[in-house]
Undergrad: 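Sharing a structure below in structure tokens format, with a few things to ask.
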Amino acid sequence: MPRTLVKDALAATAPRDSILLQGWVRTRRDAKAFSFVELNDGSSLKGMQVIVDATLPDYAAVARAHTGASVEVQGKLVASQGAGQQWEVVAGKFTVIGEADATYPLQKKGHTMEFLRGIAHLRPRSNLFGAVFRVRSRLAYAVHQFFQERGFVYVHTPIITASDCEGAGELFRVTTLDPAKPPRTEQGGVDYTQDFFAKQAYLTVSGQLEGETFACALSNIYTFGPTFRAENSHTSRHASEFWMIEPEMAFCDLSGDMALAEEFVKHLIRDARTHCAADLEFFAKFVDKDLLTRLDFVLERPFQRCSYTDAIGILTQSGRTWEHPVAWGDNLQSEHERFLAEEHFKCPVTLFDYPRTLKPFYMRVNDDGRTVRAMDLLVPGIGEIIGGSQREERLEVLRENLAQHHLSEQDYWWYLDLRRYGTVPHAGFGLGFERMLMFVTGVPNIRDVIPFARTPGSADF
RNA sequence: UGCCUGGUAGCUCAGUGGCAGAGCAGGUGACUGUUAAUCACUUGGUCGCUGGUUCGAUCCCAGCCCGGGCAGCCA
């Protein structure tokens, strides 16, 4: 008999004389003449109630079916006599596949997120994490769906990169040299010409530059893959390894970029609302009471757009006293971004046209000469979820920018070639997949929306 | 990296310079349908580690280890 997933059994429209379910025991309630076993196989938040009658030859096995045990049930799917569920399974055969004794750490109630992080190998069996990772899977699918439906080409940009100059953040080194006694140059430094790639190599912090080369050939592309930052960040929204989505569009300016970002974020929210309804309701009940109203509010309203310069004006005229002073030319601090998204606009807001000095060399310089076509999408509760820009497509301006950032043209010869041969205006952005998941689920810590979090000092499992 | 905070039973936590506590989980029994079932009884402890003060330290002090939060950096 083929296995039926709990999700499908729960969606049945008629009773069935025989059904096979396999999964893990969530809880058991014993009465005198029978036991209720709640079986969950991860296919849905809700489990299937199984009734095992004490007269069954297999009934002795029920005593070994503690929370966490894996079991197999053959029986009948019938309308439930009880109130809490439409269907239940009356067992004809009940087998314990693998026992779980009293040391099984997951219980029916009262675990902290910190404790569950310590058992990352078991936490997907909990209601909350089962829901998080079903949503994660669904949204990954929705990412591809969104771009594929719009004719974007999925590009696999490299994970190992030899250019230490991608601009963003600290890099993890990739080497096969013996750290105890690396080969030395005559000057005494490490001789990386003898390393695996014959030069210094790192894990990527962004696929953008490589993505641009493909956009300047296939027009609209996107990447979706792991990204690595060696920053010593201890916050609820930073991880050393995370997944990023980076679309890049040829013949596109910043306003087209901002429009795509908004459409994309809304698509992901709408998809989760439609396809993960039960899981989102669970988050709304146990994680964030306002989750569904906030998601719906975001879907219904256009995102606000505000230039950096106007944002500075709003902040200085807010009457607030800021811990960090507000001044044109300085980075906006967390408290400023939070004020804009959570109190002033009270909805996602895209800030654009940042001071040139704050941003990387590849962003397109505006006619005023002092701002660049950059944009950040801020959402309430999380802050920056997207960062993007229109790229500098003019060769001479780009070379000037490289010089200003003290970067060598030799290192970027292929990037400059894009501007030498058939250059086009183009733009793109990066969306932090885990930050999007935090927003959609209401889960407040990035470590709880990634299966096995890597953060400074922690790479277990 | 800076500041703040925590570590007591398998889990969630209370507690005190003088015999270590509760709820849940586990065990035993009761219950004709439960829904985090309920009721009775019950097992379970290196109070993070090391050192110090003290007649006596889980409690006070110092160092260390581990976790968490905020800030910076960013997605």
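Every chain is numbered from 1, with letters handed out A, B, ... down the list of sequences.
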Undergrad: Would you mind pulling out the nucleotide paired to B:rA37, Watson-Crick or G-U wobble, both distances under 3.5 Å?
TA: none
Undergrad: Can you check whether A:Thr227 has a side-chain N or O nearer than 4.0 Å to OP1 or OP2 of B:rA75?
TA: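 No, outside the criterion.
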Undergrad: On RNA chain B, does the nearest nucleotide to A:Glu337 precede the nearest nucleotide to A:Pro444 from the 5' side, or the other way round? Give the residue.
TA: A:Pro444
Undergrad: I'd like the C1' distance from B:rU8 over to B:rA57, given in whole Å.
TA: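 One C1' to the other, the span is 14 Å.
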Undergrad: Atom CZ of A:Phe228 and atom C1' of B:rA75: how far apart are they, to the nearest Å?
TA: 14 Å
Undergrad: With both distances under 3.5 Å as the test, what is the Watson-Crick or G-U wobble partner of B:rG63?
TA: B:rC49
Undergrad: Counting only side-chain nitrogens and oxygens, does A:Gln333 get under 4.0 Å of the OP1 or OP2 atom of B:rA71?
TA: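 Checking B:rA71 against A:Gln333, no side-chain N or O comes under 4.0 Å of OP1 or OP2.
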Undergrad: Of the nucleotides B:rG69, B:rU32, B:rA71, which has the atom closest to the A:Thr235 side chain?
TA: B:rA71
Undergrad: When you measure from the side chain of A:His111, which nucleotide among B:rU35, B:rC31, B:rC11 comes out closest?
TA: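 From the listed options, B:rC11 comes nearest.
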Undergrad: How close or far is atom P of B:rA75 from atom CG of A:Leu437, stated in whole angstroms?
TA: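 Value for this atom pair: 17 Å.
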Undergrad: Which of the following nucleotides, B:rG26, B:rC70, B:rA37, is nearest to the side chain of A:Ser236?
TA: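 Ranking B:rG26, B:rC70, B:rA37 by closest atom to the A:Ser236 side chain puts B:rC70 first.
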Undergrad: Would you say A:Asn232 places a side-chain N or O within less than 4.0 Å of OP1 or OP2 belonging to B:rG72?
TA: no
Undergrad: Tell which nucleotide pairs with B:rG23, taking only Watson-Crick or G-U wobble pairs whose two distances are both under 3.5 angstrom.
TA: B:rC11
Undergrad: Rounded to whole angstrom units, what separation is found between the CD atom of A:Glu170 and the P atom of B:rA75?
TA: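 One finds 14 Å between P of B:rA75 and CD of A:Glu170, rounded.
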Undergrad: Within the pair A:Arg447 and B:rG67, is there a side-chain N or O less than 4.0 Å away from OP1 or OP2?
TA: no
Undergrad: Is there a stack between A:Phe242 and B:rA75, judged by ring centres under 5.5 Å and planes under 30°?
TA: yes
Undergrad: Counting any heavy atom closer than 4.0 Å, what does A:Glu434 reach on the DNA or RNA strands: base, sugar-phosphate only, or nothing?
TA: nothing
Undergrad: When the P atoms of B:rC49 and B:rC11 are compared, how many Å lie between them, rounded to an integer?
TA: 15 Å
Undergrad: Describe the nucleic acid contact of A:Gln81 in one word from base, sugar-phosphate, nothing, applying a heavy-atom distance below 4.0 Å.
TA: base
Undergrad: Please state how far atom CZ in A:Arg117 lies from atom C1' in B:rG68, giving the value in whole angstrom units.
TA: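 The distance from CZ of A:Arg117 to C1' of B:rG68 comes to 8 Å, rounded to the nearest Å.
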Undergrad: Give the rounded distance in Å between these two atoms: NE2 of A:His234 and C1' of B:rG72.
TA: 13 Å
Undergrad: Take the protein atom CD of A:Glu323 and the nucleotide atom P of B:rA71, then report the distance between them rounded to whole Å.
TA: 9 Å
Undergrad: OP1 or OP2 of B:rC70 less than 4.0 angstrom from a side-chain nitrogen or oxygen of A:Arg338, does that happen here?
TA: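 The answer is no; no side-chain N or O of A:Arg338 sits under 4.0 Å from OP1 or OP2.
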Undergrad: Given A:Phe433, which of A:Phe242, A:Trp243, A:Phe224 fulfils the ring-ring contact (aromatic ring centres under 6.0 Å, His included) condition?
TA: A:Phe224
Undergrad: Strictly by Watson-Crick or wobble contacts shorter than 3.5 Å, is anything paired with B:rC55, and which nucleotide is it?
TA: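 Its partner is B:rG18 (Watson-Crick or G-U wobble, both distances under 3.5 Å).
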Undergrad: Pick from A:Tyr222, A:Phe303, A:Phe152, A:Phe146: which one makes a ring-ring contact (aromatic ring centres under 6.0 Å, His included) with A:Phe264?
TA: A:Phe146
Undergrad: In terms of side-chain heavy atoms of A:Phe34, which of B:rG33, B:rC74, B:rU12 is nearest?
TA: B:rG33
Undergrad: Say we look at B:rC59 and B:rU1: how far apart would their P atoms be, to the nearest angstrom?
TA: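 My reading of the P atoms in B:rC59 and B:rU1 gives 29 Å.
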Undergrad: Tell me which nucleotide, if any, is Watson-Crick or G-U wobble paired with B:rC3 when both distances must be under 3.5 Å.
TA: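 Partner of B:rC3: B:rG69.
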Undergrad: On a plain distance test, is the side chain of A:Ser233 in donor-acceptor contact with the base of B:rC74 below 3.5 Å?
TA: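 Donor-acceptor pair under 3.5 Å: no.
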Undergrad: Nearest to the side chain of A:Phe115, heavy atoms from C-beta on, is which of B:rG33, B:rU12, B:rU35?
TA: B:rU12
Undergrad: I want to check one thing: is the phosphate of B:rU34, taken as OP1 and OP2, less than 4.0 Å away from some side-chain N or O of A:Ser35?
TA: no
